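Okay, so here's the structure we're looking at.
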Amino acid sequence: MMNLADYKNIWVFIETECGKPKNVGFELINAAKPLAQEKGCELIAVVIGKDIEGVAKDAICYGADSAIIVDGPEYEYYTTDAFAKALVALVEKYKPETLMIGATNNGRDLGPRVSCRLKTGLTADCTAIAIDEETGNVAWTRPTFGGNLMATIMCPENRPQMGTVRPAVFKKGAYDEAKTGEIVKEEITVAADEIRTTLIERVKEVAESINLEEAEIIVSGGRGVGSQENFQLLQDLADVLGATVGCSRAVVDAGWMPHAHQVGQSGKTVAPKLYFAIGISGAIQHVAGISGSDTIVAINKDPDAPIFDVADYGIVGNLNEVVPALTEAFKAEKA
């Protein structure tokens with residue numbers, strides 16, 4: 001039987017792409033800090049990639065106590081085989097009590113592979129994390145039944161406790177340039193024949209370029225926009241503001257926009273400085289995905305729409321008149 005006392009500390013996996021960090025890793029450091037303080041343990045960042053020592057330093061400046069890095073040419077681009085082998089080897093050596101991974105495309109691939117090899121549980125796509133007062137276990141909360149219910153899951157008998165957490169659920173903490181911490185370099189090599197995929201060509205996909213999680217301004221539309229053609233009104237407003245266009249699930253189901261644009265519990269959780277909810281009724285699943293927004297502006301012809309309950313500013317009116325007027329007003333302001 002596994003000796004749980006052998007496992008200690010909280011790890012956060014910092015995902016990188018071509019040596020540059022994804023924000024979700026730093027967001028998780030900020031979320032994990034109070035948990036580490038409550039448990040009286042260390043918070044350690046784990047970085048796997050190529051030329052990533054600077055990322056480890058950034059992780060410490062964002063709040064990690066120390067960092068462990070695996071640096072090598074085989075880790076320049078993500079592959080399941082190489083990254084899973086490296087992360088499993090680190091866990092088996094250091095025995096962390098908890099391991100958090102961002103629920104990105106790569107994180108959702110890596111997490112299950114690692115948990116399976118370690119024979120432990122994994123709570124996927126979490127939107128909240130806490131320490132259970134009674135047991136001391138990590139309480140992972142995630143949407144279930146299509147986002148209609150929230151489930152809290154614990155892993156009491158196996159270690160590490162693992163979870164993937166959605167980007168933009170938490171915000172990054174303050175960056176302290178003066179903060180220092182130990183960076184441990186581990187040499188883990190993966191032979192070419194151990195990696196069962198070969199990168200022939202790397203194409204920047206459209207879905208990658210729609211970076212809703214890191215957008216500062218989002219112009220989002222719902223079923224009330226009326227048609228796929230009417231989304232051009234939202235695109236015009238977004239172009240003026242330098243914003244990203246999002247949408248609700250109903251729009252994706254209607255085939256008006258691709259899933260990469262979807263905001264909400266079954267899409268992407270976002271936390272922009274400014275969020276426009278246009279023709280969006282305000283279903284609980286969508287509201288949960290935008291709760292981290294600094295400012296929400298709602299535009300809807302129904303004065304009783306639930307979206308107005310969470311909006312900071314509301315405009316009751318026909319979006320075909322309101323949105324073009326806003327676009328022209330912002331153009332004039334910029335001019």
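Numbering starts at 1 and runs along the sequence shown. Computed from a predicted structure; not experimentally measured.
- Pairing each heavy atom of G102 with each of L28, the nearest pair is N-CD1, 3.7 Å.
- No side-chain donor-acceptor contact under 3.5 Å links D302 and N300.
- Using a 4.5 Å cut-off on side-chain heavy atoms (C-beta onward), F13 and M162 make no contact.
- Among residues two or more places apart in sequence or in another chain, the salt bridge (charged side-chain N to carboxylate O under 4.0 Å, His left out) test is passed with R223 by none.
- Alongside L199, the hydrophobic cluster contains Y77 (criterion: ILVMFWY side chains under 4.5 Å).
- Residue pairs meeting the ring-ring contact (aromatic ring centres under 6.0 Å, His included) criterion with at least one member in residues 23-66, sequence neighbours excluded, are F26-Y62, Y62-Y175.
- Using a cutoff of 4.0 Å between basic side-chain nitrogens and carboxylate oxygens, E186 and K93 are scored as salt-bridged.
- Side-chain atoms of Q161 come within 3.5 Å of backbone atoms of V138 as a donor-acceptor pair (strictly under, hydrogens ignored).
- Side chain of T164 to backbone of R108: no donor-acceptor contact under 3.5 angstrom is found.
- Using a distance-only test at 3.5 Å, with no hydrogens or angles considered, a donor-acceptor pair links the side chain of E27 to the main chain of A168.
- Atom CH2 of W11 sits about 7.5 Å away from atom CG of L99, to the nearest 0.5 Å.
- Between K334 and V240, the shortest heavy-atom contact is NZ-O, 2.8 Å.
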* Asked: So L118 and S115, side chain to side chain contact (heavy atoms under 4.5 Å, CB included) or not? Walk me through it.
  -> CA-CA 5 Å; L118 294 172; S115 68; 5.8 Å; no
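- When all heavy atoms of I188 and A89 are compared, the closest pair comes out as CD1-CB, 3.9 Å.
- Grouping the Ile, Leu, Val, Met, Phe, Trp and Tyr side chains by contacts below 4.5 angstrom, directly or via other members, places M150 apart from I129.
- For the residue pair T104 and V24, the shortest heavy atom distance occurs at CG2-CG1, 4.0 Å.
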* Run the numbers on V297 and D312 for side chain to side chain contact (heavy atoms under 4.5 Å, CB included), then give the verdict. => CA-CA 6 Å; V297 178; D312 298 283; over 6 Å; no
* To do: Could you give me the CA-CA distance, side-chain angles and deciding distance for R117 and V91, then say whether side chain to side chain contact (heavy atoms under 4.5 Å, CB included) is met?
  => CA-CA 11 Å; R117 292 188 185 185; V91 170; over 6 Å; no
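- Using a 4.5 Å heavy-atom cutoff, the side chains of V263 and S248 are not in contact.
- When the side chains of ILVMFWY residues are joined at heavy-atom separations under 4.5 Å, either directly or via intervening members, V245 and L319 end up in a single hydrophobic cluster.
- V114 and V12 are assigned to two separate hydrophobic clusters, defined by single-linkage of ILVMFWY side chains at heavy-atom distances under 4.5 Å.
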* To do: Go through Y313 and I296 one step at a time and tell me if the side chain to side chain contact (heavy atoms under 4.5 Å, CB included) criterion holds.
  => CA-CA 7 Å; Y313 300 94; I296 299 174; over 6 Å; no
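- The main-chain N or O of A191 is found under 3.5 Å from a side-chain atom of E194 such that the two form a donor-acceptor pair.
- The closest side-chain heavy-atom distance from L90 to V46 is below 4.5 Å.
- Although no hydrogens or angles enter the test, the distance criterion places a donor-acceptor pair under 3.5 Å between the side chain of N230 and the main chain of V225.
- Residue G49 comes nearest to I52 through the heavy atom pair C-CG1, 3.7 Å, listed as atom of the first residue, atom of the second, then distance.
- For the atom pair NZ of K85 and CD1 of I48, the computed distance is 12.0 Å after rounding to the nearest 0.5 Å.
- Counted by atom type alone, D109 and T80 present one or more donor-acceptor pairs between their side chains at under 3.5 Å.
- The closest side-chain heavy-atom distance from I10 to C41 is below 4.5 Å.
- Distance CG/N3 to NZ/K95: 9.5 Å, rounded to 0.5 Å.
- At a threshold of 4.5 Å between non-hydrogen side-chain atoms, the residues T269 and P167 do not count as touching.
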* Please lay out, stage by stage, how K20 and E17 fare under the test salt bridge (Lys or Arg N to Asp or Glu O under 4.0 Å). => CA-CA 5 Å; K20 295 182 179 180; E17 183 179 358; over 6 Å; no
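- None of L237, L241, T295 except one satisfies the side-chain contact (heavy atoms from CB on, under 4.5 Å) rule with I217; the exception is L241.
- Put simply, the side chain of I278 reaches to within 4.5 Å of the side chain of V323, judged on heavy atoms.
- Here the straight-line distance linking atom SG of C155 with atom CH2 of W140 works out to 9.5 Å at 0.5 Å rounding.
- Remark: the backbone N or O of C116 is not paired with any side-chain donor or acceptor of K119 at under 3.5 angstrom.
- A donor-acceptor contact under 3.5 angstrom links the side chains of T141 and T152, judged on distance only.
- In the model, N9 has no side-chain atom that pairs as donor or acceptor with a side-chain atom of E42 under 3.5 Å.
- Taking 4.5 Å as the limit, every side-chain heavy atom of K39 sits out of range of all side-chain heavy atoms of K8.
- Residues V219 and I315 fall within the same hydrophobic cluster, defined by Ile, Leu, Val, Met, Phe, Trp and Tyr side chains chained together at heavy-atom separations under 4.5 Å.
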* Asked: K50 and E74: salt bridge (Lys or Arg N to Asp or Glu O under 4.0 Å), yes or no, with the steps?
  -> CA-CA 8 Å; K50 182 176 182 291; E74 63 266 55; over 6 Å; no
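- Classification of K172 and D58 as a salt-bridged pair fails, no side-chain N sitting under 4.0 Å from a carboxylate O.
- Remark: side-chain polar atoms of R142 are paired, donor with acceptor, to backbone N or O of A124 under 3.5 angstrom.
- Annotation: K171, atom NZ; neighbour count of heavy atoms from other residues, nucleotides and ligands within 6.0 Å is above 12.
- Counting heavy-atom neighbours within 6.0 Å of K179 NZ, excluding the residue itself, gives a total above 12.
- Within a 6.0 Å sphere centred on CD of E187, other residues, nucleotides and ligands contribute 12 heavy atoms or fewer.
- The environment of CD in E214 is crowded: more than 12 heavy-atom neighbours from other residues, nucleotides or ligands sit within 6.0 Å.
- Under the 4.5 Å side-chain heavy-atom criterion for ILVMFWY residues, a single connected hydrophobic cluster contains both L234 and F330.
- Distance check: D236 CG to L233 CG gives 6.5 Å after rounding to the nearest 0.5 Å.
- Taking all atoms of both residues into account, the shortest heavy-atom contact from L212 to H261 is CD1-O, 3.4 Å.
- Note that NZ of K331 is 12.5 Å distant from CG of L326, once rounded to the nearest 0.5 Å.
- Using a cut-off of 4.0 Å between Lys/Arg side-chain N and Asp/Glu carboxylate O, D81 and R196 are scored as salt-bridged.
- Ring orientation note: the planes of Y275 and H286 are tilted relative to one another, at an angle of 30° to 60°.
- Using modelled atom types and a 3.5 Å distance limit, the side chains of Y78 and N105 yield no donor-acceptor pair.
- In this structure the side chain of I44 reaches within 4.5 angstrom of the side chain of I68, judged on heavy atoms.
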